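Being a predicted model, the structure only gives us computed values, none of them experimental. Letters A, B, ... are given to chains in the order of the sequence lines, protein chains preceding strands, and every chain is numbered from 1.
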2 protein chains.
Amino acid sequence: MGGQINNLAPRQRRVTISDVSEALGLTKGTVSRALNGYPDISETTRLKVARTAERMGYRPLAHAQAIRTGRVRSVGLVFQFYEHDGHRPFLADFLTGISGAASAEGWTLTLATASSQDEMLATLDRLVDERKVDGFILPRTYRDDPRIETLRRAGVPFVLFGRTGDDTGCAWFDIAGEAAMANAVARLAALGHTRIGFVQGGEGANYAHLRLDGYIAGMQAAGLAIDDDLIAPPSLNPIEGCDAGRRLLSLTEPPTAIVCAVDQAALGLYDAARERGLAIGREVSVISYDGIPEGRFVDPPLSTFAVDNRAAGERLTQMLIERVRGTDPHALRDLADASFLDRGSHGPPVLSSAQLARRVRASSIM
Amino acid sequence: MGGQINNLAPRQRRVTISDVSEALGLTKGTVSRALNGYPDISETTRLKVARTAERMGYRPLAHAQAIRTGRVRSVGLVFQFYEHDGHRPFLADFLTGISGAASAEGWTLTLATASSQDEMLATLDRLVDERKVDGFILPRTYRDDPRIETLRRAGVPFVLFGRTGDDTGCAWFDIAGEAAMANAVARLAALGHTRIGFVQGGEGANYAHLRLDGYIAGMQAAGLAIDDDLIAPPSLNPIEGCDAGRRLLSLTEPPTAIVCAVDQAALGLYDAARERGLAIGREVSVISYDGIPEGRFVDPPLSTFAVDNRAAGERLTQMLIERVRGTDPHALRDLADASFLDRGSHGPPVLSSAQLARRVRASSIM
DNA sequence: ACGCTTGCCGAAACCGGTTTCGGAACCGAC
DNA sequence: GTCGGTTCCGAAACCGGTTTCGGCAAGCGT
């Protein structure tokens with residue numbers, strides 16, 4: 001093979017560790033040990049080496065080091081995109097965070113996608129087997145997540161974005177969605193709402209359980225009764241959200257406020273309310289979660305708990321790098337709060353549940 | 001350094017080329033040449049080597065090869081995300097395409113982000129300098145694109161997603177946006193529209209010029225006069241699109257149909273029409289470009305030219321890999337068509353431009 | 001003055017591959 | 001039977017680093 005015409009300018013030679021060692025009159029082994037902080041190098045030569053390496057613009061080649069050390073300085077990320085995908089808007093911010101934090105440490109991001117769970121596991125294996133990455137960030141965790149067992153067995157470091165059922169030996173970072181949901185309920189209760197509905201998030205995903213728990217905890221803390229009818233099934237997009245809204249609003253005792261686990265679904269609540277001639281933020285209050293950009297432009301602007309995906313990406317890669325360097329996973333766990341965006345989609349109830357029910361009936365007769 | 005407790009299961013040793021050569025009673029040099037198709041290896045041993053390598057599950061370590069060959073089998077992709085970013089929805093599909101095509105060839109995707117042009121160029125340089133990638137896919141090209149000159153000078157292979165001003169020595173793939181825009185005009189003209197407006201796309205980006213050209217070409221082909229008033233300034237999101245719509249509809253001779261360079265802006269046209277009490281698809285026809293998912297759910301569903309970003313990603317990586325292997329860049333150029341999604345936002349005009357103008361005036365008085 | 005650490009560095013092996021070079025074995029031709 | 005030319009593989013250098021091992025010289029105590 002080799003030797004085809006490539007008509008590309010020849011790349012200039014890099015400065016290698018041998019160049020540095022020759023310039024110093026040392027062996028490359030000594031230079032290497034000096035640069036890597038071995039204890040058997042005197043402080044004087046360590047400094048001399050560091051300075052001339054710096055001056056000559058020497059930077060070790062990650063993949064040349066890797067052949068001996070096994071580390072390539074790359075964080076792995078494998079996405080599984082679904083048909084109607086709620087986390088697409090998150091992507092750009094999340095990737096920016098990871099890439100930024102990685103390059104600050106001289107690392108890079110290796111990204112792959114999978115279309116099924118089997119392919120996901122195979123891809124993880126392949127990246128590990130080919131030593132393309134030193135570890136993984138696992139986004140969107142599940143209660144029972146097969147990726148974890150796979151990587152545990154393979155002995156590969158990883159950090160979860162989200163919590164999971166059994167997290168022994170797992171490092172993780174998460175946003176306290178349950179606290180946000182409880183806080184949403186508390187805010188609405190404080191405004192005078194007593195019938196507060198909930199629209200669930202994606203089935204199976206760990207966050208969905210937590211946010212539901214948060215809603216329930218919030219209701220209990222406010223001394224409100226939990227009615228199963230008030231809890232709508234998982235909704236991940238405006239269509240499903242609209243269905244959920246219709247269902248909640250047609251209850252004999254409809255909620256005057258709705259807490260929604262996912263912004264995309266909350267957008268659908270606007271449609272459901274509009275159908276019934278109800279004004280969001282007055283006749284029906286909504287507080288949601290995610291902080292998607294569209295929420296700012298709808299009318300009224302959506303009150304929601306925003307998560308900083310860029311910061312999450314940064315934190316996760318920092319944790320992963322520490323993990324690869326040997327930090328105990330149990331010491332690498334962190335929970336951050338979502339920040340409430342107090343906008344126009346919630347307020348004190350202007351109608352009682354009974355009045356609201358009459359309004360809904362009237363609108364559906366027309 | 002080194003030697004911290006890592007409490008991770010030890011990774012099992014890989015099978016190396018030496019394992020294979022020993023099993024065969026050959027030297028590793030011979031095995032290497034056999035596997036890489038050197039001409040000085042007999043067909044018999046080549047087959048024998050290939051088979052036992054396969055049987056033993058041998059796969060060369062990309063970064064070990066790279067230290068000699070300089071190739072790491074990785075495609076580089078650097079994104080620059082903007083504030084209000086039109087291409088976010090594209091991301092998942094695009095990445096899926098790239099990742100899929102790459103892994104089919106045993107390559108991986110190395111992704112980075114940049115927040116400014118300088119950072120972009122620095123990031124490209126860094127990835128090249130550290131030999132993290134063999135070449136780049138450059139998304140979102142500009143008329144005059146500094147990335148191209150940088151990579152040309154560095155002698156690094158790359159493939160453009162989009163065309164550019166001076167493309168000598170450039171391989172590229174693009175969607176024929178100009179043809180789509182011309183086709184949109186032709187469709188509307190065939191339905192009887194004579195006043196057809198245009199909402200431009202992102203300033204500076206190469207595609208924006210091409211789509212404008214396509215609109216103009218379409219108008220000329222249909223024998224329609226081109227009125228500067230009919231051409232609205234660049235609009236990239238619903239807000240700007242709404243402004244553009246207001247402006248076009250308040251003309252003394254408003255267009256009865258609007259061709260829009262970007263779906264996100266077309267969504268804003270819906271708002272502008274609603275404000276005036278005009279029905280999209282009847283009083284105002286709209287044909288747009290991109291094929292974003294939201295277009296299917298608005299009322300009426302948006303007629304638009306959809307681009308297959310997954311396919312684009314696949315094609316681009318295949319081209320890049322060929323390019324890295326030495327194919328002449330001028331032989332690597334491809335133009336694909338967007339596919340028209342014939343939905344509900346366009347139809348024959350029900351109002352003349354003059355009648356439309358009266359309707360608009362009436363609505364603004366209220 | 002002696003031996004014994006200790007500090008510090010050179011020498012060389014090593015990681016997992018690729019590539020160059022040279023020569024043995026075979027070939028047909030004379 | 002000898003010779004030049006192929007065919008095909010082994011040997012060894014090489015890529016850019018890391019890591020082990022051993023030894024020299026200084027420092028120390030006695």
Side-chain angles (χ1 to χ4, degrees), chain A residues 1-4 11-50 52-53 56-73 106 129-132 134, chain B residues 1-3 11-50 52-53 56-73 106 129-132 134 325:
Chain A
M1 294 304 174
Q4 286 118 331
R11 299 193 203 169
Q12 65 280 31
R13 232 175 58 81
R14 311 182 89 244
V15 14
T16 73
I17 196 170
S18 300
D19 297 333
V20 177
S21 68
E22 276 176 31
L24 282 162
L26 296 171
T27 61
K28 55 178 191 167
T30 304
V31 172
S32 170
R33 282 180 320 227
L35 258 20
N36 291 312
Y38 274 65
D40 63 345
I41 301 290
S42 77
E43 199 51 34
T44 14
T45 62
R46 185 198 316 291
L47 251 98
K48 214 167 6 175
V49 168
T52 61
M56 296 177 69
Y58 168 71
R59 280 199 323 264
L61 221 45
H63 63 257
Q65 303 180 288
I67 146 178
R68 196 76 222 269
T69 63
R71 303 256 182 78
V72 289
R73 292 206 300 263
D129 185 58
E130 301 188 350
R131 305 284 194 276
K132 292 280 196 169
D134 298 314
Chain B
M1 293 297 171
R11 300 193 200 169
Q12 65 279 32
R13 231 176 58 79
R14 310 183 89 245
V15 13
T16 74
I17 196 168
S18 300
D19 296 334
V20 177
S21 69
E22 275 176 32
L24 281 162
L26 296 171
T27 61
K28 55 178 191 169
T30 303
V31 172
S32 171
R33 282 180 322 228
L35 257 20
N36 291 313
Y38 275 64
D40 64 343
I41 300 290
S42 76
E43 200 51 35
T44 13
T45 62
R46 185 196 316 291
L47 251 98
K48 219 172 353 183
V49 168
T52 62
M56 296 177 69
Y58 168 69
R59 278 199 325 262
L61 222 45
H63 63 257
Q65 302 180 288
I67 148 180
R68 195 75 221 269
T69 63
R71 304 256 182 79
V72 289
R73 291 207 301 264
D129 186 58
E130 301 188 350
R131 303 285 193 276
K132 292 280 196 171
D134 299 313
R325 289 182 179 153

Base, sugar-phosphate, or nothing: which does [X] touch, judged by heavy atoms less than 4.0 Å apart?
X	result
B:S42	sugar-phosphate
A:S32	base
B:T69	sugar-phosphate
B:T45	sugar-phosphate

What heavy-atom pair brings [X] and [Y] nearest, and what distance separates the two atoms?
X	Y	result
B:G37	B:R46	CA-NH1, 3.6 Å
B:V72	B:R131	CG1-O, 3.3 Å
B:K132	A:R73	NZ-O, 3.4 Å
B:M56	B:A23	SD-CB, 3.9 Å
A:S18	A:K28	OG-CD, 3.8 Å
A:G106	B:E130	O-OE1, 4.4 Å

(request) For the residue pair A:D129 and B:R14, establish whether any side-chain heavy-atom pair is separated by less than 4.5 Å. (result) yes
(message) What range of DNA chain C does chain A touch, first nucleotide to last, counting atoms under 4.0 Å from its heavy atoms?
(response) C:dC8 to C:dG16
(request) To the nearest 10°, let me know how far the axis at one end of the helix from C:dA1-D:dT30 to C:dC30-D:dG1 is tilted from the axis at the other, five pairs an end. (result) 50°
(request) Establish, with yes or no, whether the OP1 or OP2 oxygen of D:dG10 is under 4.0 angstrom from a side-chain nitrogen or oxygen of B:T27. (result) yes
(message) So, taking the atom named CG in A:D19 and the one named OG1 in A:T52, what distance separates them when rounded to the nearest 0.5 Å?
(response) 11.0 Å
(request) Give me the one residue out of A:V49, A:L35, A:T45, A:I41 that meets side chain to side chain contact (heavy atoms under 4.5 Å, CB included) with A:T30. (result) A:I41
(message) Assuming nearest nucleotide by heavy-atom distance, tell me which of B:G29 and B:R68 is located more 5' along DNA chain D.
(response) B:G29
(message) Quick check: on DNA chain C, is the nucleotide nearest A:A64 upstream (toward 5') of the one nearest A:G25, or the reverse? Name the residue that is more 5'.
(response) A:G25
(request) Starting at atom CG of B:D40, determine the distance to atom C1' of D:dG10, rounded to an integer number of angstrom. (result) 11 Å
